Every structure is written in structure tokens, then in C-alpha cells.
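Here is the structure we will look at, set down as C-alpha cells.
Predicted, not measured: the structure shown is a model, and the values here were computed from it.
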Amino acid sequence: MNDLMVLAEVIQAFSAPENAVRMDEARDNACNDMGKMLQFVLPVATQIQQEVIKAYGFSCDGEGVLKFARLVKSYEAQDPEIASLSGKLKALFLPPMTLPPHGPASGGSVAAS
């Protein structure tokens with residue numbers, strides 16, 4: 001099994017029209033809320049991954065996806081291409097994170113009372 005090929009195939013599966021629609025609907029339901037992302041987007045993303053990785057000997061459940069994710073993670077440091085594809089995969093189902101502004105001008109500090 002070539003892990004790079006499997007990872008590329010998983011990413012390609014997300015761009016299949018039916019999967020793109022499923023992910024768009026899940027993202028719309030989540031409204032960029034991290035809790036709702038876990039509730040709506042993560043299960044769809046997991047299902048899409050399961051459909052691909054089961055052909056490569058991973059179990060067709062959440063545990064199979066976790067094993068696949070751990071395997072990919074273990075190769076990220078060794079192979080920049082795997083690291084790049086892994087980043088692309090994460091970007092497909094994680095919302096862009098925006099940090100809140102910091103500093104006194106932003107009202108971010110809390111006065112002790």
C-alpha cells in the first residue's frame with residue numbers, strides 16, 4: 001500500500017460531486033461553529049474517508065479512520081508531500097481558524113473587580 005496514493009485518493013473523493021454536496025450541506029448546517037462542525041461536518045468527512053480506505057484494509061468504522069490518520073501523521077515528518085496532502089485533507093473539513101484580537105485596544109483584557 002502506498003500511503004501517498006491512498007491519501008491522494010481520499011482527498012480526490014472529497015471533490016466527487018456527491019461528496020462535495022454532502023460536505024457543503026454539512027458546512028451550511030454548522031455555520032462555522034466549532035461544536036456544530038463536530039456534529040455535522042466531521043461525521044460526513046469520516047464517512048467519505050471510510051469509503052476510500054476500506055479498500056486498503058482499514059476497518060470501515062471510526063477506528064479505521066483513526067488508524068489511517070495516525071499512519072499519515074507518522075509519515076508527515078518524513079515526507080513533505082504527505083505532510084502537504086495531510087494539510088489539504090484537514091483544510092477540507094476544518095474551518096479556517098481566526099484568532100480573536102488581543103491587547104487593550106481590542107477590549108480583550110478583563111479588569112479585576
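- For T46, there are no side-chain hydrogen bond (donor to acceptor under 3.5 Å, both in side chains) partners two or more places apart in sequence or in a different chain.
- The neighbour count for E9 CD, taken as heavy atoms of other residues, nucleotides or ligands under 6.0 Å away, is above 12.
- Here the CG-OH distance, from L7 to Y75, works out to 12.5 Å after rounding to the nearest 0.5 Å.
- The two residues P43 and L38 make their nearest non-hydrogen contact at CD-O, 3.3 Å.
- Atoms CD1 and OG, from I11 and S86 in turn, are 8.0 Å apart once rounded to the nearest 0.5 Å.
- With rounding to the nearest 0.5 angstrom, the CG atom of L92 is 7.0 Å from the CZ atom of R27.
- No single ILVMFWY cluster, assembled from side-chain heavy atoms under 4.5 Å apart, contains both L66 and I82.
- Listed here is the closest heavy atom pair of I53 and G64: CD1-O, 3.5 Å.
- Atoms OH and CG, from Y56 and L71 in turn, are 13.5 Å apart once rounded to the nearest 0.5 Å.
- Counting all heavy atoms, side chain and backbone alike, K67 lies closest to F58 at C-CE2, 4.0 Å.
- The salt bridge (charged side-chain N to carboxylate O under 4.0 Å, His left out) analysis of residues 48-65, with sequence neighbours excluded, yields the pairs R22-E51, E63-R70.
- The distance from the CD atom of Q49 to the SG atom of C60 is 11.5 Å, given to the nearest 0.5 Å.
- Note: the hydrophobic cluster containing I48 does not contain F40 (ILVMFWY, side chain heavy atoms under 4.5 Å, direct or indirect links).
- A donor-acceptor contact shorter than 3.5 Å is absent between the side chain of N19 and the backbone of S15.
- The hydrophobic clustering, which links ILVMFWY residues whose side-chain heavy atoms are closer than 4.5 Å, places M37 and V65 together.
- Between the NZ atom in K36 and the CG atom in N29 there is a gap of 9.0 Å [rounded to 0.5 Å].
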